[in-house]
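All heavy atoms count here, side chains included; hydrogens, waters and symmetry mates do not. We name chains A, B, ... by the order of the sequence lines, and we start the count at 1 in each one.
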Amino acid sequence: MGGRGAPGPLPMSFTDPSDSFRGDTVAVLDFETTGVSVSAGDRATELAIVLVRAGRIVDRFQSLMHTGVPIPWHIQRLTGITDEMTASAPPAAQVMRDAAAFVGDAPMVAHNAGFDRRFWGHECGLAGLPDQGRFACTLLLSRRLYLDAPSHKLGSLAEHLGLPRSGPAHRALADTEMAAHLWLRMVADLQERHGCAAPDHDRMVQLQGTPAG
DNA sequence: TGCCAGGCCCTCTTTAGGGCCTT
C-alpha cells in the first residue's frame with residue numbers, strides 16, 4: 001500500500017547509442033537540520049558535500065553551521081549534533097557561501113532530494129545567494145531500480161546493496177558518502193543493465209521521473 | 001526541547017486517502 005509499492009519499471013528506454021560519458025562532476029549533499037519543515041522555522045545544523053567524478057569521490061566538504069535555532073532533543077539524539085556544537089560553528093551564511101563555491105556549477109544529488117532542495121534554497125536565500133541547484137534524487141531512482149529492496153531508506157539501501165559505510169548514520173558526511181556510493185552504484189547498474197555508456201545527471205533526472213530542481 | 005511539512009506514488013476508485021522518506 002502507499003509508497004511501499006514500487007512505481008514500476010523505468011519509464012523510458014535506456015539504450016540511446018549516442019550516450020557518452022562526459023566525465024561530469026556531480027555534487028552529492030546531505031543536510032542535518034533542526035527538523036523537517038522550513039516553513040515551520042527549521043534550519044540546517046550541518047552540511048556535507050562530496051564531489052563525484054569519473055566513478056569516484058574526488059573531494060569533500062563538511063561543516064556544522066550556526067543559526068541560533070535550538071535543536072530539539074529528539075533531533076539531538078538522532079544526529080548527535082547538540083546546541084553546544086553548533087554554537088561554536090561558523091555562521092550559516094558563511095557555510096553556504098563556502099558550500100556554493102565548492103559546488104560551483106555542478107548538478108546536485110541527494111537522497112529524498114526534495115528535502116535537501118528545500119533547505120538548500122532556503123539557506124541560500126537567507127545567505128543572499130542565488131539558488132541555482134539542479135537536483136537528482138537517489139530515493140526516486142532507487143524506487144525504480146531496486147524493486148526488491150525491503151526499504152528505500154538510505155541506510156537500508158546501503159545494507160541491501162552492500163555499500164560501504166564511512167561513519168555514523170545521521171551525520172552529514174557519512175550519509176553523503178553513503179548517498180554518493182549509492183549514486184555510483186545506480187549509474188553502474190544502469191550501464192550494466194542497458195549495455196550503454198554511463199548516464200549523466202540529466203539522464204538520471206529523466207529516469208527518476210521528476211523534473212530537475 | 002516540535003513528532004511539525006512537502007512531495008512522490010500506490011490503491012481504491014477519484015480526485016481522495018495514506019505510507020514512505022527526509023531531520
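- The side chain of A:S37 contributes no N or O atom lying less than 4.0 Å from OP1 or OP2 of B:dT23.
- Regarding A:F119, its CZ atom lies at a distance of 14 Å from the C1' atom of B:dC21, rounded to whole Å.
- For the pair A:L182 CG and B:dT22 P, the interatomic distance rounds to 11 Å; values are reported in whole Å.
- Rounding to whole angstrom units, NE2 of residue A:H111 and C1' of B:dC8 are separated by 13 Å.
- With both ends at atom P, the span from B:dG18 to B:dT1 equals 31 Å, rounded to whole Å.
- In this structure, A:I71 reaches the bases: a heavy-atom distance under 4.0 Å links it to at least one base atom across the strands shown.
- Atom CZ of A:F115 is separated from atom C1' of B:dT22 by 5 Å (rounded to the nearest Å).
- By the 5.5 Å and 30° criteria, A:H74 is stacked with the base of B:dC3.
- Under 4.0 angstrom from either OP1 or OP2 of B:dC21 there lies at least one side-chain N or O belonging to A:S151.
- At whole-Å resolution of the value, CG in A:D116 and P in B:dA5 are 19 Å apart.
- The nearest whole Å value for the distance from the CD1 atom in A:I75 to the C1' atom in B:dA5 is 13 Å.
- Each of A:T79 and A:P72 was matched to the nucleotide of DNA chain B holding its nearest heavy atom; the match closer to the 5' end belongs to A:P72.
- We find that A:R53 and A:D59 are not joined by a salt bridge, their nearest charged nitrogen and carboxylate oxygen being 4.0 Å or further apart.
- Looking at the side chain of A:L140, the nearest of the listed nucleotides B:dT1, B:dT23, B:dC9 is B:dC9.
- Note: CG (A:L145) to C1' (B:dC8) measures 16 Å, nearest angstrom.
- Straight-line distance between the C1' atoms of B:dT23 and B:dG7: roughly 16 Å, to the nearest whole Å.
- Taking atom C1' in both B:dC3 and B:dC20, the straight-line distance is 16 Å, to the nearest Å.
- OP1 or OP2 of B:dC9 has at least one side-chain nitrogen or oxygen of A:R144 nearer than 4.0 Å.
- In this structure, A:H201 contributes its side chain and A:M108 its backbone to a donor-acceptor pair below 3.5 Å.
- Note: CZ (A:R143) to C1' (B:dT22) measures 11 Å, nearest angstrom.
- Taking atom C1' on both nucleotides, B:dT15 is separated from B:dC9 by 14 Å, rounded to a whole Å.
- Nearest-nucleotide mapping onto DNA chain B: of A:R118 and A:G35, the residue sitting toward the 5' end is A:R118.
- Within the structure, every pair that satisfies the salt bridge (Lys or Arg N to Asp or Glu O under 4.0 Å) test and touches residues 156-175 of chain A, not counting sequence neighbours, is listed here: A:E46-A:R171.
- Not one N or O on the side chain of A:E123 forms a donor-acceptor pair closer than 3.5 Å with the backbone of A:M96.
- The two residues A:T45 and A:T33 have their closest heavy-atom pair at OG1-N, 3.5 Å.
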